[in-house]
Number of protein chains: 2
Amino acid sequence: MMMISEAEAVVMDVLWREAPRTAEEILAEVGPAQNWQEGTVKSLLNRLLRKKAVHAERDGRRYLYRPLLKREQYVQQESKGLLDRLFDGRVAPLVAHFSEQRKLSKKDIAELRKLLKELDDEQS
Amino acid sequence: MMMISEAEAVVMDVLWREAPRTAEEILAEVGPAQNWQEGTVKSLLNRLLRKKAVHAERDGRRYLYRPLLKREQYVQQESKGLLDRLFDGRVAPLVAHFSEQRKLSKKDIAELRKLLKELDDEQS
DNA sequence: CGTGAGTATTTACGCATGTAAACATCGTTT
DNA sequence: AAACGATGTTTACATGCGTAAATACTCACG
């Protein structure tokens, strides 16, 4: 399974928010924050093309880029990887970890409650 | 903050389970599964030494290695990284993600319930 | 048609990684 | 003391990544 790197994921993020986009638009959105030059974004786009994570469609002299890899797929790969490596593939220990580190916000807790409730409901 | 690589983490894992250990013991435990030669483990140990993630104490002709980096620290770094990159730093969306993917086991759910209950109790 | 601006593609380069071979060191055995 | 075996250290090498300079392509314009 073709893995995309962290810098590449930053570019994907832009495309996940809205597509299609030109290289220029991507640079405009991400360049300032990442301190990237034009060439950097172009390179990343090309690597993403080679990895079949994006598709490019010609539009006059430039290209319109769209994501092929879905955000869900990427998130899934990444989180499953972490979970398997560190928490034996199970979710509860992960949450417990954050709980111990006091990294659960009020909001988190409330949302988790709600989530469990919903699971309960659809269960019956 | 000095990051350790995935292969290096495999070696750390052995040391986290039990320490101190010799290079030979580490190889014995991890070599078969990873298909690693002796040199590979030695190299990884040296990189870990340079990164101050393990400590080596001479014992006759060999060394005894112990972890300096704590498993908790490592887990913390890794999970915070993922959480920040993909879930805006919050735990509930992560769990929701797994829930949507039907990746929550019965056991997970039960444990999460218990966890929330405990938070509730200590709250009061 | 030649040129220049706008784009994209190729090449580069240093550093980390995965993997290991080559080399060095140091007690032990003739 | 010389050679050997065990162990650690150095060096190597391909690949990927982050970053970008160099180069190539493509229209619109003079």
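In what follows, chains are A, B, ... by sequence order, proteins preceding strands, each numbered from 1. Computed from a prediction, not measured in an experiment: that's the story for all the values here.
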Begin from the C-alpha positions of B:Glu25 and B:Glu29 and carry the test side chain to side chain contact (heavy atoms under 4.5 Å, CB included) through to its verdict. CA-CA 6 Å; B:Glu25 287 167 338; B:Glu29 180 144 336; over 6 Å; no

Gap between atom [atom2] of [Y] and atom [atom1] of [X] - 0.5 Å precision:
| X | Y | atom1 | atom2 | result |
| --- | --- | --- | --- | --- |
| B:Met12 | B:Leu69 | CE | CG | 4.5 Å |
| A:Phe98 | B:Leu94 | CZ | CG | 7.0 Å |
| B:Lys42 | B:Trp36 | NZ | CH2 | 14.5 Å |

Have a look at the helix from C:dC1-D:dG30 to C:dT30-D:dA1 and give the angle its two end axes make, five pairs each, rounded to 10 degrees. 50°

Contacting residues from residues 25-50 of chain B, given that a heavy atom lies under 4.0 angstrom of DNA chain D: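 Listed by number, they are B:Lys42, B:Ser43, B:Asn46, B:Arg47.
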
Given side chain to side chain contact (heavy atoms under 4.5 Å, CB included), test B:Glu78 with B:Val75 step by step and report yes or no. CA-CA 5 Å; B:Glu78 292 289 305; B:Val75 169; 5.9 Å; no

Do [X] and [Y] have side chains that get closer than 4.5 Å, going by heavy atoms?
| X | Y | result |
| --- | --- | --- |
| A:Leu27 | A:Gln37 | no |
| A:Ser99 | B:Leu119 | yes |
| A:Gln76 | A:Lys70 | no |

Stretch residues 4-15 of chain A: residues that reach within less than 4.0 Å of DNA chain C through a heavy atom: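 The answer is none.
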
I need the single residue from B:Glu57, B:His55, B:Arg58, B:Arg21 that forms a side-chain hydrogen bond (donor to acceptor under 3.5 Å, both in side chains) with B:Tyr63. Which is it?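 Output: one option passes, namely B:Arg58.
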
Take nucleotides 24-29 of chain D nucleotide by nucleotide from the 5' end and write B, S or -, depending on whether a protein heavy atom sits under 4.0 Å from the base, only from the sugar-phosphate, or from neither. --BBS-

Taken in chain and number order and not counting sequence neighbours, the residues that satisfy side chain to side chain donor-acceptor pair (under 3.5 Å) with A:Arg62 are none

For B:Lys80, give me all partners under salt bridge (charged side-chain N to carboxylate O under 4.0 Å, His left out), at least two apart in sequence or on another chain. B:Asp84

Atom pair distance, as rounded to whole Å: CG in B:Asp59 and C1' in D:dG8: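 Going from B:Asp59 (CG) to D:dG8 (C1'), I get 14 Å.
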
For the pair A:Leu44 and A:Ile26, evaluate side chain to side chain contact (heavy atoms under 4.5 Å, CB included) and give the outcome as yes or no after the intermediate values. CA-CA 11 Å; A:Leu44 292 172; A:Ile26 296 171; over 6 Å; no

Is the count of non-hydrogen atoms from other residues, nucleotides or ligands lying under 6.0 Å from B:Glu24 atom CD greater than 12? no

NA contact type, A:Ala56, heavy-atom cut-off 4.0 Å: base, sugar-phosphate, or nothing?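 A:Ala56: no heavy atom of the nucleic acid under 4.0 Å.
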
